[in-house]
Amino acid sequence: MIVAIDLGENNLGGYLPQEIMGMPYLRRLGLWSNEIGGALPTQLGRLSRLSSLHLDDNLFEGTIPKEIGYLGEMVDLSLDLNKGIRGRIPSELGNLSKLERLRLSNMSLRGPIPPSFGELANLVEMYLESNMLNRNLPDELKNLENLEFLILSDNKFTGGIPESWSNLINLKRLEIQSNLMEFDDLDELFCPLLFDNSGLMETLVADCQGDDPKVSCTCCTECLP
């Protein structure tokens, strides 16, 4: 009975073996930092006991299978650093009610953050930087009361930050720089979380540098042009 596979940084190539999809007791699958390619199999959704999936830093292509959203025990999901993975983030990922860490950065993802992500009540860390994600940021993320790290930099998001996000009192780090957003209410939303006792914010990064900055923020810990 195999419950864990940890073969990161082993110069593995080829494709994800189909035999893995027939391991019903597998709880941890770690194949990070290899040269495994091809599409992510939809059969990953059969691994119902899987709680940790690390396929980051490989050569995977195609889209994120919606079937990953059926993995009800998932706690730690990392697919980042796979530039060949494109398309939208499946809304089904919002079904991962036990998820605590989500890493989908440095890929080629497009479209919005699914509003269903507001259902990820146990989420602590979400990394979505360096994609081509766009549209407005969803108000539904206000429900992520346990969220501590939210990294959204280097995308194509527009609009502003929803006022309701000021409810994220456990947020420690927020990065929104290098997007297409322009707004002037960041002070009102997040400065109290930096300087008052109402929150735990430690780091706030935005495009607030220069004579005519896209974002007005007097309390940001780092300003970029």
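The structure displayed is predicted, hence computed values, not measured ones.
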In short, N10 meets N34 closest at the heavy-atom pair N-OD1, 2.9 Å
Tell me the salt bridge (charged side-chain N to carboxylate O under 4.0 Å, His left out) pairs involving residues 2-13, sequence neighbours left out?
D6-R28
Are the side chain of D207 and the backbone of V215 linked by a donor-acceptor contact shorter than 3.5 Å?
no
With a 4.5 Å limit on heavy-atom distance, are the side chains of R88 and P112 in contact?
yes
Hydrophobic cluster (4.5 angstrom, side-chain heavy atoms) - remaining members for L224
V205
Rounded at 0.5 Å granularity, tell me how far CD1 in I176 sits from NZ in K214.
9.5 Å
Can you find a pair of side-chain heavy atoms, one from L137 and one from I113, that are under 4.5 Å apart?
yes
Report yes or no: do L26 and M74 belong to one cluster of Ile/Leu/Val/Met/Phe/Trp/Tyr joined by side chain heavy-atom distances under 4.5 Å?
yes
Apart from Y127 itself, which Ile, Leu, Val, Met, Phe, Trp or Tyr residues share its cluster (side-chain heavy atoms under 4.5 Å, direct or through members)?
F149, I151
Point-to-point distance, once rounded to the nearest 0.5 Å, from CD of E222 to CG of L204:
10.5 Å
I2-L7 co-clustered via ILVMFWY side chain contacts under 4.5 Å
yes
Pairwise side-chain contact, K98 with E73, heavy-atom cut-off 4.5 Å (strictly under):
yes
Value for CG (L77) from CG (L50), rounded to nearest 0.5 Å, stands at 9.0 Å
Going by heavy atoms in the side chains, are L123 and N146 under 4.5 Å from each other?
no
Please evaluate residues L109 and I85 with respect to the criterion side-chain contact (heavy atoms from CB on, under 4.5 Å), reporting the C-alpha separation (whole Å), side-chain torsions for both, the decisive distance (0.1 Å), and the verdict.
CA-CA 7 Å; L109 300 173; I85 296 182; 4.2 Å; yes
Single hit among L93, N95, L47 for side-chain contact (heavy atoms from CB on, under 4.5 Å) with I68:
L93
Stepwise side-chain contact (heavy atoms from CB on, under 4.5 Å) check, I161 with L174:
CA-CA 11 Å; I161 292 183; L174 174 64; 4.1 Å; yes
For E148, check salt bridge (Lys or Arg N to Asp or Glu O under 4.0 Å) against everything at least two apart and list the hits.
K172
Contacts of Y15 meeting side chain to side chain contact (heavy atoms under 4.5 Å, CB included) (sequence neighbours excluded), chain-then-number -> none
Partners of S130 by side chain to side chain donor-acceptor pair (under 3.5 Å), sequence neighbours excluded?
D154
Is the count of non-hydrogen atoms from other residues, nucleotides or ligands lying under 6.0 Å from K156 atom NZ greater than 12?
no
So CE of M181 and CG of N155: to nearest 0.5 Å the spacing works out to 9.0 Å
Kindly indicate whether the side chain of L16, heavy atoms from C-beta on, has any atom under 4.5 Å from the side chain of L44.
yes
Taking the side chain as every heavy atom from C-beta outward, state whether I89 and N131 have any atom pair closer than 4.5 Å.
no
Between P41 and P65 the two heavy atoms that sit nearest each other are O-CG, 3.9 Å
Only pairs at least two apart or in different chains count here, so list each side chain to side chain donor-acceptor pair (under 3.5 Å) that has a residue in residues 35-44.
none
Does anything in residues 104-117 pair up under side chain to side chain donor-acceptor pair (under 3.5 Å), and if so which pairs, sequence neighbours excluded?
none
What is the distance from atom CG of L99 to atom CD of E125, rounded to the nearest 0.5 Å?
10.5 Å
CD1/I64 to CZ/R86 distance, rounded to the nearest 0.5 angstrom?
11.5 Å
Closest heavy-atom pair, P225 versus Q209, reported as atoms and distance to 0.1 Å, is CD-OE1, 3.5 Å
Derivation of the side-chain contact (heavy atoms from CB on, under 4.5 Å) call for T158 and N136
CA-CA 5 Å; T158 55; N136 290 352; 3.1 Å; yes
I'd like to know if W165 and L171 are part of one continuous hydrophobic network [Ile/Leu/Val/Met/Phe/Trp/Tyr, side-chain heavy atoms within less than 4.5 Å].
yes
With a 4.5 Å cut-off on side-chain heavy-atom distances among I, L, V, M, F, W and Y, is there a chain of contacts connecting M23 to L12?
yes
Closest non-hydrogen atom pair between N179 and L152, with its separation
ND2-O, 3.1 Å
D80 side chain to M107 main-chain N or O, any donor-acceptor pair under 3.5 Å?
no
Only counting residues at least two apart or in another chain, list the ones meeting salt bridge (Lys or Arg N to Asp or Glu O under 4.0 Å) with D76.
R101, R103
C217 and C191: disulfide (SG to SG under 2.5 Å), yes or no, with the steps?
CA-CA 8 Å; C217 180; C191 284; 5.1 Å; no
Nearest non-hydrogen partners of G69 and L96, listed with the distance:
O-CD2, 3.7 Å
Exam field: side chain N82 to backbone L55, donor-acceptor pair closer than 3.5 Å
yes
Minimum heavy-atom distance between L141 and G118, given as atom pair plus value
CD2-N, 4.2 Å
Contact between L150 and L144 at the side-chain level, heavy atoms closer than 4.5 Å - yes or no?
no
Pairwise side-chain contact, L79 with F60, heavy-atom cut-off 4.5 Å (strictly under):
no
Taking atom CZ as the centre, does R27 end up with more than 12 heavy-atom neighbours from other residues, nucleotides or ligands that are less than 6.0 angstrom away?
no
Residues clustered with Y25, ILVMFWY side-chain links under 4.5 angstrom
M1, V3
Do the side chains of L40 and L29 join up, straight or via other hydrophobic residues, at under 4.5 Å, putting them in one cluster?
yes
All pairs passing side chain to side chain donor-acceptor pair (under 3.5 Å) where residues 57-72 contributes a residue, at least two apart
S33-D57
Sequence neighbours excluded, which residues qualify as salt bridge (Lys or Arg N to Asp or Glu O under 4.0 Å) partners of E175?
R173
Verdict with supporting geometry, C208 and C223, disulfide (SG to SG under 2.5 Å):
CA-CA 5 Å; C208 49; C223 279; 1.8 Å; yes
